[in-house]
Amino acid sequence: MNLKKISINAALPEKARSRILIIYTGGTFGMTYDKDGVLIPFDFASILEHLPTLKNLSLEITVVSFEIPIDSSNINPGHWQVIGEVIKDNYDQHDGFVVLHGTDTMAFTASAISFMLEGLHKPVIFTGAQLPIAEPRSDARENLITSLDIASARRNGEPLVNEVCIYFDYVLLRGNRTKKVESMQFDAFNSGNYPPLAKAGVKIDYNFSAMAVVSPSSLTLRKSFETNISILKLFPGISQEIVHAILSIPGLKAVVMETYGSGNAPTLPWLTEELKRAIENGVIILNISQCPGGRVLQGRYETSKKLQQIGVIGGADMTTEAAVTKLMLLIGEYGPDRARELVGLSLAGELTA
């Protein structure tokens with residue numbers, strides 16, 4: 001994938017309080033109008049024309065842009081690998097990173113990057129916009145300005161934020177706890193099972209008790225993904241034919257099964273047999289609740305006890321986005337046996353043990 005690098009003279013290097021790398025992938029944020037009134041990607045070299053206040057942040061800013069910006073609906077693990085490699089290659093030269101990304105799959109990408117960057121000790125802030133930056137009422141300006149402020153925030157020489165986050169509509173959220181919940185309002189994301197890491201008002205109030213506490217270490221990039229994974233969403237009236245078709249996909253490695261409430265499923269003998277057969281054939285089945293809040297408690301009710309007995313793994317309070325990307329990476333990096341051991345553990349703050 002071709003990338004281009006742009007230096008923005010937002011501050012002279014000797015006067016900059018931090019060095020920040022922006023990774024621009026595409027999405028609504030970076031759209032502007034051409035002479036015919038059609039939305040097209042804008043040239044990031046002209047960002048100061050749209051955001052002259054960047055000069056007031058006293059930051060040395062560099063932008064690495066996808067040469068052809070993409071709609072986030074087209075994001076795939078290959079793009080995650082590129083983002084991870086850019087961060088790894090520029091890690092020592094920068095104090096923080098801001099990733100501009102379309103909102104539709106931002107939670108998937110933020111989750112994936114959180115698992116890929118092992119030993120992360122700097123902020124990686126994902127943000128975007130619901131309206132293009134060229135729109136008068138666009139949320140792009142505030143989202144970017146505050147994301148840059150958070151990415152550059154330090155205390156006693158150390159970064160305030162040491163993890164992958166999403167900043168949107170005045171709230172900072174842990175990336176792998178986040179879901180997109182709104183397409184028509186500015187508050188596009190929430191993290192139902194985890195409190196915000198910060199709220200931005202007149203000043204930014206950080207919730208330090210909720211933030212990752214990590215010891216400085218060398219950064220390791222994990223980037224091998226296994227994509228032969230499926231999602232099985234249960235619903236009243238689901239048929240054996242549908243379940244069988246999903247669980248019989250050739251080469252299937254894992255299934256994220258979205259169940260009811262605290263991890264419950266219908267007590268249908270054929271469903272139990274289909275799941276059991278798949279597990280015996282080596283397929284990892286991870287139980288994730290359909291509810292935006294709460295957690296899976298396998299065995300609490302009769303309707304989930306059987307799942308536990310046949311070897312379905314409880315996903316605690318992970319989001320589907322975190323579960324899918326975590327399985328992809330664990331299987332790709334370590335193989336199914338080791339992935340089965342690790343998937344139920346908290347690797348990057350994605351679940352509550």
Side-chain angles (χ1 to χ4, degrees), residues 105 107-108 111 176-181 190-194 225-332 334-346 350-353:
T105 57
F108 282 97
S111 295
N176 57 33
R177 291 283 193 152
T178 309
K179 301 179 74 69
K180 184 176 181 181
V181 296
N190 74 19
S191 56
N193 284 319
Y194 204 76
F225 288 92
E226 169 58 63
T227 58
N228 209 341
I229 288 170
S230 183
I231 295 174
L232 171 60
K233 188 181 184 76
L234 300 184
F235 58 88
I238 191 170
S239 69
Q240 183 173 1
E241 289 75 17
I242 290 174
V243 174
H244 179 77
I246 292 174
L247 296 180
S248 300
I249 295 171
L252 182 67
K253 296 295 189 296
V255 172
V256 174
M257 184 170 64
E258 292 191 350
T259 56
Y260 309 129
S262 57
N264 303 312
T267 54
L268 300 167
W270 64 258
L271 178 59
T272 302
E273 285 304 312
E274 291 285 355
L275 295 172
K276 182 180 179 183
R277 186 180 303 113
I279 292 169
E280 290 173 347
N281 289 333
V283 177
I284 299 171
I285 299 182
L286 183 62
N287 186 352
I288 299 293
S289 176
Q290 296 179 17
C291 298
R295 60 183 290 125
V296 167
L297 297 169
Q298 285 195 154
R300 182 179 184 183
Y301 297 99
E302 183 63 29
T303 46
S304 66
K305 187 174 182 180
K306 198 67 177 178
L307 300 179
Q308 189 177 41
Q309 291 173 343
I310 63 174
V312 173
I313 299 171
D317 54 357
M318 271 191 289
T319 63
T320 295
E321 292 86 343
V324 168
T325 54
K326 185 178 182 179
L327 281 168
M328 282 184 175
L329 191 68
L330 288 179
I331 297 173
Y334 305 110
D337 291 340
R338 183 64 174 148
R340 191 176 287 105
E341 297 172 0
L342 293 174
V343 72
L345 304 178
S346 179
E350 73 280 7
L351 63 84
T352 306

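This one's a predicted model, so the numbers in the text were calculated from it and none came from an experiment.
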Nearest 0.5 Å please: distance from the CG atom of N228 over to the CE atom of M328. 9.5 Å
From CA spacing to verdict: side-chain contact (heavy atoms from CB on, under 4.5 Å), W270, V243: CA-CA 10 Å; W270 64 258; V243 174; 3.8 Å; yes
Donor-acceptor pair, distance only, cut-off 3.5 Å: does the side chain of S289 make one with the backbone of G261? yes
Between L351 and K326, is there a side-chain heavy-atom distance shorter than 4.5 Å? yes
Considering non-hydrogen atoms only, spot the tightest contact between L307 and Q298 and give its length. CB-OE1, 3.8 Å
Which distance, rounded to the nearest 0.5 Å, do you find between the NZ of K306 and the CD of Q309? 5.0 Å
Return the CZ to CD1 distance between R340 and I331, rounded to the nearest 0.5 Å. 8.5 Å
Might you point out which heavy atoms bring R295 and A353 nearest each other, and give the distance in Å? NH2-C, 4.4 Å
Counting only heavy atoms from other residues, nucleotides and ligands, does the tally under 6.0 Å from OH of Y334 exceed 12? yes
If only atom types and distance count, is the side chain of E226 paired as donor or acceptor with the main-chain N or O of K253 below 3.5 Å? no
Sidechain-backbone polar pair: N176 side chain, A322 backbone, donor-acceptor under 3.5 Å: no
Report the distance from atom CG of L330 to atom OG1 of T325, rounding to the nearest 0.5 Å. 9.0 Å
Once you round to the nearest 0.5 Å, how far does CG of L275 lie from CD1 of I285? 4.5 Å
Does the side chain of T267 come under 3.5 Å of the side chain of E302 through a donor N or O and an acceptor N or O? no
Checking side-chain polar atoms at under 3.5 Å, does S248 have a donor or acceptor matched by the opposite partner on R277? no
Testing the basics here: between A265 and T259, what is the closest heavy-atom pair and its distance to 0.1 Å? CB-CG2, 4.5 Å
Separation between CG of L327 and OG of S230, rounded to the nearest 0.5 Å: 11.5 Å
For the student: nearest non-hydrogen atoms of V283 and V255, plus distance: CG1-CG2, 4.1 Å
Only one of L286, L234, I288 passes side chain to side chain contact (heavy atoms under 4.5 Å, CB included) with M257; say which it is. L234
Counting neighbours of NZ on K179 that are heavy atoms of other residues, nucleotides or ligands and sit closer than 6.0 Å, is the number greater than 12? yes
Write down the atom of P236, the atom of Y260, and the distance for their closest heavy-atom approach. N-OH, 3.0 Å
Check for a donor-acceptor pair, side chain of E350 on one end and backbone N or O of M318 on the other, with a separation under 3.5 Å. no
Quick check against the 3.5 Å criterion: does N193 have a side-chain atom that pairs as donor or acceptor with the backbone of G294? yes
Answer yes or no: is there a donor N or O on one side and an acceptor on the other, between the side chain of T105 and the main chain of F108, under 3.5 Å? no
Student check: side-chain heavy atoms of L271 and I238 closer than 4.5 Å: no
Short side-chain to backbone donor-acceptor contact, T178 and N190, under 3.5 Å: no
Are any of the side-chain heavy atoms of T352 and R177 separated by less than 4.5 Å? yes
If you look at every heavy atom in A323 and V256, which pair is closest and at what distance? CB-CG2, 4.0 Å
Looking at K180, I want to see if its NZ is surrounded by more than 12 non-hydrogen atoms of other residues, nucleotides or ligands under 6.0 Å. yes
